[in-house]
Protein chains: 2
Amino acid sequence: MFSKSCNYAIKAAIFIAKHSLEENKVGFVDIAKEIDSPQAFTAKILQILVKSGIIDSVKGVNGGFYIPKKNIATTYLVEIVDAIDGDAVFHGCGLGLSQCSETHPCPVHDKFKSIRDELAHMLETTNLEELALGIKSGETFLKSL
Amino acid sequence: MFSKSCNYAIKAAIFIAKHSLEENKVGFVDIAKEIDSPQAFTAKILQILVKSGIIDSVKGVNGGFYIPKKNIATTYLVEIVDAIDGDAVFHGCGLGLSQCSETHPCPVHDKFKSIRDELAHMLETTNLEELALGIKSGETFLKSL
DNA sequence: TAATTACATGATTTCGAAAACATAAGGAAT
DNA sequence: ATTCCTTATGTTTTCGAAATCATGTAATTA
């Protein structure tokens with residue numbers, strides 16, 4: 001569905017959000033450990049999230065990544081997916097045609113439309129706060145056992 | 001959503017189905033041309049479809065690939081996806097966790113479930129005949145302009 | 001202001017899907 | 001039977017995402 005980078009990004013954002021709810025910053029080493037991802041690669045993805053304005057960072061001693069508390073509940077998954085993978089998931093053709101539209105549709109164009117719309121709606125309405133609270137309460141997990 | 005191989009496989013199957021409706025066989029060169037795919041690579045994908053029992057083949061002069069007419073309307077997309085990409089699309093975790101279940105769910109486990117279910121339902125109920133007829137009538141297309 | 005901590009970024013390597021290559025094998029037509 | 005057409009299959013190469021490596025930059029603290 002999404003690229004590996006995007007999966008890492010979503011998990012990292014949830015983890016950062018969880019700590020930001022408690023006014024704490026987290027370093028990329030801790031993030032990588034918690035979401036089971038390669039450190040150096042994770043650092044790069046975090047940069048993209050910073051440049052996209054999804055998360056903030058502070059250098060130096062006691063620095064780290066965080067999300068301003070007021071933004072946590074208003075940051076939606078769609079922003080992360082769009083920053084990392086672009087909009088191909090939402091607008092790309094289900095069969096990979098470079099040109100696929102209402103006027104020149106692929107055989108499954110209409111069949112995919114409802115599914116893509118539902119996916120888009122889910123990403124547009126799911127915010128980081130609810131996901132972070134799920135982690136915090138122990139209902140959900142960021143890595144395998 | 002699907003791998004490139006799977007996209008080729010779906011398009012090839014639709015094209016073959018279209019010709020099989022008219023009792024014609026088609027060669028892999030023609031298939032590759034019609035669906036805008038690399039010839040050699042397409043040939044390999046066709047082998048997988050043959051071994052999976054989705055299409056049949058005849059060697060020699062006037063040979064080619066075809067689908068027995070009675071099977072066209074009862075062959076569903078899910079069979080092709082399963083043969084090429086396996087069941088990861090249906091059962092894999094939306095965030096890439098190797099272990100993700102009701103008892104140890106990722107943060108978006110429930111949110112993805114309904115989408116995956118709808119996708120599965122679509123693939124299980126869409127058959128090659130309707131897609132082939134769409135191509136035949138000129139409503140839909142297998143390649144870009 | 002020097003030392004330390006942690007983020008930032010460009011270059012390089014790895015790895016697997018995708019694609020291409022080369023050759024074998026089967027079947028129909030004559 | 002032999003020729004030729006077409007599918008079948010194993011090997012190799014390409015290419016881009018993923019991952020790593022190496023180095024630079026900023027900010028805090030003492």
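Residue numbering restarts at 1 for every chain, and letters A, B, ... go by the order of the sequence lines. Because only heavy atoms are used, hydrogens play no part in the values below, and waters and symmetry mates are left out as well, while side chains stay in.
In this structure, B:F2 and B:L123 have side chains that are in contact, with non-hydrogen atoms separated by less than 4.5 Å. The shortest distance between side-chain heavy atoms of A:L97 and A:H109 does not fall below 4.5 Å.
Listed pair A:S57 / C:dA6 fails the phosphate criterion, with no side-chain N or O lying under 4.0 Å from OP1 or OP2.
Salt-bridge formation is not detected for the pair A:K18/A:E34: no Lys NZ or Arg NE/NH1/NH2 atom is positioned less than 4.0 Å from an Asp or Glu carboxylate oxygen.
For B:R116 (side chain) and B:G92 (main-chain N/O), a donor-acceptor pair under 3.5 Å exists by modelled atom type. The backbone N or O of A:E130 sits less than 3.5 Å from a side-chain atom of A:N127, completing a donor-acceptor pair. A distance-only check finds no donor-acceptor pair linking the side chain of B:D36 to the backbone of B:S144 [under 3.5 Å]. Proximity of a side-chain donor or acceptor of A:E79 to a complementary backbone N or O of A:Y76 within less than 3.5 Å is detected. Under the 3.5 Å distance criterion, the side-chain polar atoms of B:K25 are left unmatched by any main-chain donor or acceptor of B:F65. Under a 3.5 Å cut-off, the side chain of B:K111 and the backbone N or O of A:M122 do not form any donor-acceptor pair. Without hydrogens or angle criteria, B:S137 side chain to B:G134 main chain gives a donor-acceptor distance under 3.5 Å.
At a threshold of 4.0 angstrom between heavy atoms, the contacts of B:F28 include nucleobase atoms, whether or not backbone atoms are also involved.
Residue pairs meeting the salt bridge (Lys or Arg N to Asp or Glu O under 4.0 Å) criterion with at least one partner in residues 135-145 of chain B, sequence neighbours excluded, are B:E22-B:K136.
Less than 4.0 Å separates DNA chain D from at least one heavy atom of each of the following residues of residues 29-51 of chain A: A:P38, A:A40, A:F41, A:K44. Shown for residues 84-95 of chain A: no residue has heavy atoms falling under 4.0 angstrom of DNA chain D. Interface residues of residues 1-13 of chain B facing DNA chain D, ordered by number: none; criterion, heavy-atom separation under 4.0 Å.
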Ignoring hydrogens and angles, write down the donor-acceptor pairs under 3.5 Å from the side chains of residues 38-58 of chain B, residues two or more places apart or on other chains.
| unit_1 | atom_1 | unit_2 | atom_2 | d |
| --- | --- | --- | --- | --- |
| B:T42 | OG1 | B:S37 | OG | 2.5 |
| B:T42 | OG1 | B:P38 | O | 2.6 |
| B:S52 | OG | B:I48 | O | 2.7 |

*How does protein reach along nucleotides 25-30 of chain C, written 5' to 3' as B (base within reach of a heavy atom under 4.0 Å), S (only sugar-phosphate), or - (no contact)?*
-BBSS-
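Between the CG atom of A:D56 and the P atom of C:dA6 there is a distance of 18 Å, rounded to whole Å.
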_If you apply the rule side chain to side chain contact (heavy atoms under 4.5 Å, CB included), what do you find for B:I35 with B:I14, and how did you get there?_
CA-CA 10 Å; B:I35 70 175; B:I14 295 172; over 6 Å; no
